[in-house]
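Data first, discussion second: the structure below is written as structure tokens.
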Amino acid sequence: LVLACPDRPAILAAVVSRLAAAGANIITFDQFSTAPEGGRLYLRSEFLLKDLPDRLDDVRSCIEEIAEDFDMQWRLEPATRRKRVAIFVSRSEHCLLDLLWRWRRGELHMDIAAVVSNHPDLEAEVAAFGVPYHHIPVTSDTKAEAEQRQLDLLAGKVDLVALARYMQILSGEFLARIGAPVINIHHSFLPAFAGAEPYLRAHDRGVKIIGATAHYATEDLDEGPIIEQDVNRVTHAHTVAELTQLGADIERTVLQRAVTWHCEDRVLVNGSGTVVL
């Protein structure tokens with residue numbers, strides 16, 4: 001059970017009592033309020049209920065009894081259901097291969113439906129994992145056509161799109177029509193050092209911290225709600241190549257965490273930010 005609503009007294013008691021009325025055994029119960037008064041409550045609870053597929057309507061009815069009174073936005077997700085994920089990539093393979101490797105090892109609770117790329121370079125490496133690879137070239141003149149091909153392939157068929165260093169800007173129309181959230185990963189210098197060779201320019205400026213940011217993609221480039229970030233301290237002694245390698249390590253770790261948490265229904269959007277429970 002995942003829900004959000006204006007915070008006020010008795011919400012938690014009502015949720016617990018309704019789950020108990022449905023016969024559920026609560027396993028985890030995580031909640032966060034944005035403010036002691038006038039805040040917004042976010043809640044995620046895992047519970048065990050035998051014969052859940054046959055009892056799901058009963059659970060929904062129990063939650064509906066209180067949802068309107070508390071102005072709740074809520075959803076029930078069977079924890080056993082694996083989300084279908086599409087991965088978009090260009091030529092940099094580090095984030096893509098990390099997700100594929102973790103998925104093959106059974107570390108990620110998801111199914112990879114397809115890899116989509118605007119270049120053919122990584123087809124053989126993806127084929128080794130038994131995942132479909134779709135090469136859809138993109139140029140400034142064919143961008144709309146390419147996005148339509150991507151939508152024809154994936155719209156309504158995936159639960160998440162992960163941009164694993166996909167070096168194309170997705171249009172607002174694509175984001176509106178894909179029917180699934182999109183998670184992007186990039187170095188966390190932004191808005192500084194935008195564009196090509198960010199680590200070279202960061203090195204020239206003598207930066208002391210490098211990192212990565214994973215966020216939901218919106219029409220405002222690189223300004224969507226942030227899911228996860230991480231950093232690493234560096235010194236004047238690091239070369240550009242070393243900075244780039246450290247950055248790649250952080251990027252794949254941060255993207256993996258963001259994808260994992262999304263697939264486990266732990267990320268709730270709170271305005272321009274997120275709550276991760």
Side-chain angles (χ1 to χ4, degrees), residues 1-85 108-110 158-162 175-176 178-184 213-218 220 223-230 254 256-277:
L1 171 66
V2 180
L3 66 83
C5 64
D7 199 6
R8 63 183 244 202
I11 297 174
L12 303 186
V15 172
V16 170
S17 67
R18 290 297 83 206
L19 290 177
N25 181 25
I26 296 173
I27 308 301
T28 66
F29 197 86
D30 300 312
Q31 54 86 24
F32 173 75
S33 180
T34 60
E37 293 184 2
R40 189 162 180 81
L41 176 73
Y42 295 88
L43 185 149
R44 176 185 182 274
S45 178
E46 295 180 11
F47 60 87
L48 178 66
L49 185 62
K50 292 183 179 180
D51 303 318
L52 179 61
D54 296 331
R55 303 282 305 283
L56 206 52
D57 288 341
D58 293 337
V59 180
R60 287 196 177 97
S61 296
C62 286
I63 301 300
E64 284 171 354
E65 291 175 5
I66 60 172
E68 185 174 351
D69 290 341
F70 291 105
D71 192 20
M72 289 180 179
Q73 296 174 319
W74 63 280
R75 55 191 168 89
L76 286 170
E77 296 284 349
T80 55
R81 189 178 78 84
R82 297 168 64 90
K83 288 183 169 52
R84 288 176 56 81
V85 179
L108 301 178
H109 188 61
M110 67 186 201
V158 294
D159 303 297
L160 175 69
V161 175
L175 295 173
I178 187 61
V182 177
I183 293 178
N184 190 26
T213 296
H215 64 88
Y216 287 119
T218 65
D220 296 321
E223 295 186 13
I226 293 172
I227 304 169
E228 172 64 339
Q229 293 179 298
D230 206 346
V254 168
Q256 173 264 315
R257 289 177 190 158
V259 169
T260 296
W261 294 340
H262 178 89
C263 289
E264 293 177 350
D265 298 295
R266 296 184 181 277
V267 186
L268 292 83
V269 175
N270 173 31
S272 59
T274 64
V275 172
V276 182
L277 296 175

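What you see below is based on every heavy atom in this structure, not just the backbone, and it leaves out hydrogens, waters and symmetry mates.
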message: So, taking the atom named CD1 in I26 and the one named CG in L49, what distance separates them when rounded to the nearest 0.5 Å?
response: 11.5 Å

- request: Give a yes or no on whether a salt bridge exists between E64 and R60, defined as a side-chain N under 4.0 angstrom from a carboxylate O.
  value: no

Minimum heavy-atom distance between Q31 and L41, given as atom pair plus value: OE1-CD1, 3.5 Å

field: N/O donor-acceptor pair under 3.5 Å between S33 side chain and G39 backbone
entry: no

- request: May I ask you to decide if A79's main-chain N or O and H109's side chain share a donor-acceptor pair within less than 3.5 Å?
  value: yes

query: How many angstroms lie between atom CZ of R266 and atom CD1 of I227, to the nearest 0.5 angstrom?
result: 14.0 Å

I63 and L19: CA distance, side-chain angles, deciding distance, side-chain contact (heavy atoms from CB on, under 4.5 Å) verdict: CA-CA 8 Å; I63 301 300; L19 290 177; 4.2 Å; yes

- request: Calculate, to the nearest 0.5 Å, the distance between atoms OG and CZ belonging to S61 and R55 respectively.
  value: 11.0 Å

message: I'd like to check D7 versus T34 (side-chain heavy atoms, cut-off strictly below 4.5 Å). Are they in contact?
response: no

- prompt: Should Y216 and T274 count as side-chain neighbours, where that means a heavy-atom distance under 4.5 Å?
  reply: yes

- prompt: Does the pair H262 and E264 meet the rule for a side-chain contact (heavy atoms from CB on, under 4.5 Å), with working shown?
  reply: CA-CA 5 Å; H262 178 89; E264 293 177 350; over 6 Å; no

query: Hey, are the side chains of I66 and M72 touching, using non-hydrogen atoms and a 4.5 Å cut-off?
result: yes

field: D69 and R8 ion-paired at < 4.0 Å
entry: no

message: I'd like to know if the side chain of N25 and the backbone of L48 have a donor-acceptor N/O pair within less than 3.5 Å.
response: no

task: Might you point out which heavy atoms bring V182 and L175 nearest each other, and give the distance in Å?
output: CG2-CD2, 3.8 Å

message: Are the side chains of F29 and L12 in contact, using a 4.5 Å heavy-atom criterion?
response: yes

query: So L277 and Y42, side-chain contact (heavy atoms from CB on, under 4.5 Å) or not? Walk me through it.
result: CA-CA 8 Å; L277 296 175; Y42 295 88; 4.2 Å; yes

query: Can you find a side-chain donor-acceptor pair between Q256 and T260 that sits under 3.5 Å?
result: yes

Atom pair CD (E46) and CD1 (I27), whose distance is rounded to the nearest 0.5 Å: 8.0 Å

message: Check this for me, if you would: do D159 and R82 make a salt bridge, where the nitrogen-to-carboxylate-oxygen distance has to be below 4.0 angstrom?
response: no

query: Considering only heavy atoms from C-beta outward, does the side chain of T218 approach that of P225 to under 4.5 Å?
result: yes

query: Any idea which heavy atoms bring V259 and M110 closest together, and the distance?
result: CG1-SD, 3.7 Å

- prompt: Roughly how far apart are D51 CG and D58 CG, rounded to 0.5 Å?
  reply: 11.0 Å

message: What I'd like to find out is whether the side chain of V158 reaches to under 4.5 Å of the side chain of K83, using heavy atoms alone.
response: no

- request: Report the C-alpha distance between I183 and H215 in whole Å, list the side-chain angles of each, state the deciding distance to 0.1 Å, and finish with yes or no for side-chain contact (heavy atoms from CB on, under 4.5 Å).
  value: CA-CA 6 Å; I183 293 178; H215 64 88; over 6 Å; no

message: Side chains of I11 and P9, heavy atoms from C-beta outward: is any pair under 4.5 Å?
response: no

query: So, for R40 and Q73, which heavy atoms are closest and what is the spacing to 0.1 Å?
result: NH2-OE1, 3.1 Å

Side chains of V85 and C263 in contact at under 4.5 Å (non-hydrogen atoms): yes

message: Can you give me the closest heavy-atom contact between E228 and V254, atom names plus distance?
response: O-CG1, 3.4 Å

- request: Return the minimal non-hydrogen interatomic distance between C5 and L3, and the atom names on each side.
  value: SG-CD1, 4.3 Å

query: Looking at CH2 of W74 and CG of L43, how far apart are the two atoms once the value is rounded to the nearest 0.5 Å?
result: 13.0 Å

